[in-house]
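The structure under discussion appears below in the form of structure tokens.
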Amino acid sequence: MPPTARPHSPRHAYADTRHGQIHYAEYGSGRPVLLLHQTPRSWDEYRDVLPLLGDEFRAIAMDTLGFGASARPQQPFSIELFADAVLDLCAALALEKPVLVGHHTGAVIALETAARAPDLVHALVLSGMPYVDAARRKTVAEDRPPIDHVDPAPDGSHLRALWANRAPYYPPDRPDLLERLVRDALGVLDRAEEGHLAVNRYRMEDRIGLVKAPTLALCGALDTFSLPDLPKITEAIPGARSAVLPGTGVPAVDHRPDLFAAQLRAFLQTL
């Protein structure tokens, strides 16, 4: 009997949580690997990573609560709220010892989840994660302009502003990557900036020491936003390893899914 053909696209589904339904896409079978995206993206950030992991793992990319096709709660966004939904999704899908993988905002959510439920998480991959402490919170509050906030304009010029805000961090020869980000951002335009604000309110210095899972801190070599924090992360998590992805930056996941997936696989094969 010939082997069953692997599907060309992931399976989509919803799971009930205390804050409403969570949308997710999955590919493959085996140990669960739960993938968490950056603000203001959706599961789509991982669409090219899913099949690269799916021949060995059950790769699941969820829409963070409030983003993509997941429910949007009325209360202010917070990392703790986002982590509630991750834990509820794990319970709803009966995920045993999942690997948590997060990129930028997703990495902070993954860290909080691992800190809160150390016996649940098999391993942790933190990609492009900023180190958020009192000094950073002060700097961001005083000096950082909004990342994704734009005011809607009748002539549509806010679409150009949204593109321009992110363009410096994206490769100029890959406008398709910015198109994907803008499409996701438009779905949460009125609250897109809240994901970034949630990160910068988070008291990471109080939580990171609670992480017990084997950890890989990963960052793109061109990610000037997060790369300087890589040593702080590995210092704060005993035994954490680090790796740098060459030739890519903030959009490392969808820009170089091959490098991203290869680093994940190499790390998990050592556990």
Side-chain angles (χ1 to χ4, degrees), residues 31-39 41 43-54 56-57 59-62 64 79 82-83 86 98-115 121-133 136 169-171 174 177 181 195-196 199 202 204 207-209 211-271:
R31 179 177 291 281
V33 177
L34 183 57
L35 304 155
L36 311 176
H37 60 80
Q38 68 165 311
T39 299
R41 295 302 312 275
W43 79 272
D44 175 77
E45 184 165 52
Y46 290 101
R47 75 181 188 201
D48 298 315
V49 172
L50 288 175
L52 297 177
L53 297 177
E56 185 175 353
F57 304 102
I60 304 166
M62 65 176 282
T64 297
I79 297 301
F82 296 151
V86 173
V99 176
L100 295 187
V101 179
H103 185 58
H104 278 252
T105 304
V108 184
I109 300 168
L111 183 135
E112 170 59 23
T113 305
V121 179
H122 177 67
L124 189 61
V125 178
L126 306 172
S127 172
M129 187 177 80
Y131 187 81
V132 184
D133 57 8
R136 183 185 183 90
Y169 304 100
Y170 277 65
R174 292 292 307 275
L177 300 179
L181 181 141
H196 302 299
V199 167
Y202 183 61
M204 184 178 290
R207 305 295 289 167
I208 195 168
V211 172
K212 305 302 181 186
T215 299
L216 172 66
L218 189 63
C219 197
L222 307 180
D223 187 346
T224 57
F225 185 79
S226 296
L227 186 62
D229 288 344
L230 204 57
K232 298 178 183 178
I233 295 165
T234 55
E235 181 180 353
I237 302 175
R241 311 173 207 178
S242 66
V244 176
L245 299 178
T248 191
V250 171
V253 173
D254 46 358
H255 180 213
R256 292 304 306 269
D258 54 335
L259 295 181
F260 190 85
Q263 282 288 350
L264 264 61
R265 295 172 71 106
F267 171 60
L268 295 178
Q269 287 167 1
T270 68
L271 302 179

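Each residue takes its place number in the sequence, starting with 1.
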Exercise for review: Identify the heavy atoms of Pro171 and Leu177 that sit nearest to each other, and give their distance.
Suggested key: CG-CD1, 4.0 Å
Check your understanding: So how far is it from Leu264 CG to Ser127 OG, rounded to the nearest 0.5 Å?
Key -> 8.5 Å
**Study point:** Close side-chain approach of Leu36 and Phe82, heavy atoms under 4.5 Å
**Key:** no
Exercise for review: Measure across His103 and Gly128 and return the closest heavy-atom pair with its distance rounded to 0.1 Å.
Suggested key: ND1-N, 4.5 Å
Review point. Got Pro257 and Leu52 here, is their nearest side-chain heavy-atom distance under 4.5 Å?
Key: yes
Check your understanding: Would you say the side chain of Leu181 lies within less than 4.5 Å of the side chain of Glu45, judging by non-hydrogen atoms?
Key -> no
Check your understanding: Without hydrogens or angle criteria, can the side chains of His255 and Thr248 be said to hold a donor-acceptor pair below 3.5 Å?
Key -> yes
Practice item. Spell out, as yes or no, whether a donor-acceptor pair under 3.5 Å connects the side chain of Arg256 to the backbone of Pro251. Key: no
Check your understanding: What's the spacing between Leu271 CG and Leu216 CG if we round to 0.5 Å?
Key -> 9.5 Å
Review point. Under a 4.5 Å cut-off applied to non-hydrogen side-chain atoms, are His104 and Asp223 in contact?
Key: yes
Practice item. For residues Phe267 and Ala123, report the shortest heavy-atom separation together with the two atoms involved. Key: CE2-CB, 4.1 Å
Check your understanding: Rounded to the nearest 0.5 Å, how far apart are NE2 of His122 and CG of Leu34?
Key -> 14.0 Å
Study note, to complete from the structure: When rounded to the nearest 0.5 Å, the distance separating CE of Met129 from OG1 of Thr105 is 11.5 Å
Practice item. Report yes if some heavy atom in the side chain of Met204 is under 4.5 Å from a heavy atom in the side chain of Asp133; otherwise report no. Key: no
Check your understanding: Is the closest side-chain heavy-atom distance between Glu112 and Tyr202 below 4.5 Å?
Key -> yes
Review point. Taking Leu111 as the fixed residue, which of Val132, Leu126, Thr215, Ile233 is the one that meets the side chain to side chain contact (heavy atoms under 4.5 Å, CB included) rule?
Key: Leu126
Revision key, fill the gap. What one should report as the nearest heavy-atom pair of Val244 and Gly220 is CG1-C, 4.2 Å
Check your understanding: Would you find a donor on one side and an acceptor on the other, under 3.5 Å apart, between the side chain of His37 and the backbone of Thr64?
Key -> yes
Exercise for review: Go through the steps to decide whether Gln263 and Val125 satisfy the test side-chain contact (heavy atoms from CB on, under 4.5 Å), and finish with yes or no.
Suggested key: CA-CA 10 Å; Gln263 282 288 350; Val125 178; over 6 Å; no
**Study point:** Closest approach of Leu50 to Ile60 (non-hydrogen atoms, all atoms of both residues)
**Key:** CD2-N, 4.1 Å
Exercise for review: Quick one: do Ile79 and Val199 satisfy side-chain contact (heavy atoms from CB on, under 4.5 Å)? Show the steps, please.
Suggested key: CA-CA 7 Å; Ile79 297 301; Val199 167; 4.1 Å; yes
Review point. What is the distance from atom OG of Ser226 to atom NZ of Lys232, rounded to the nearest 0.5 Å?
Key: 11.0 Å
Exercise for review: Looking only at non-hydrogen atoms, find the nearest pair between Ala114 and Leu100 and report the distance.
Suggested key: N-CD1, 4.4 Å
Check your understanding: Just one of Arg47, Arg41, Arg174 clears the salt bridge (Lys or Arg N to Asp or Glu O under 4.0 Å) bar with Asp254, so which one?
Key -> Arg41
Revision key, fill the gap. Rounding to 0.5 Å, atoms OH (Tyr131) and OG1 (Thr234) come to a distance of 11.0 Å
Check your understanding: Are side-chain heavy atoms of Glu56 and Gln269 found at a separation under 4.5 Å?
Key -> yes
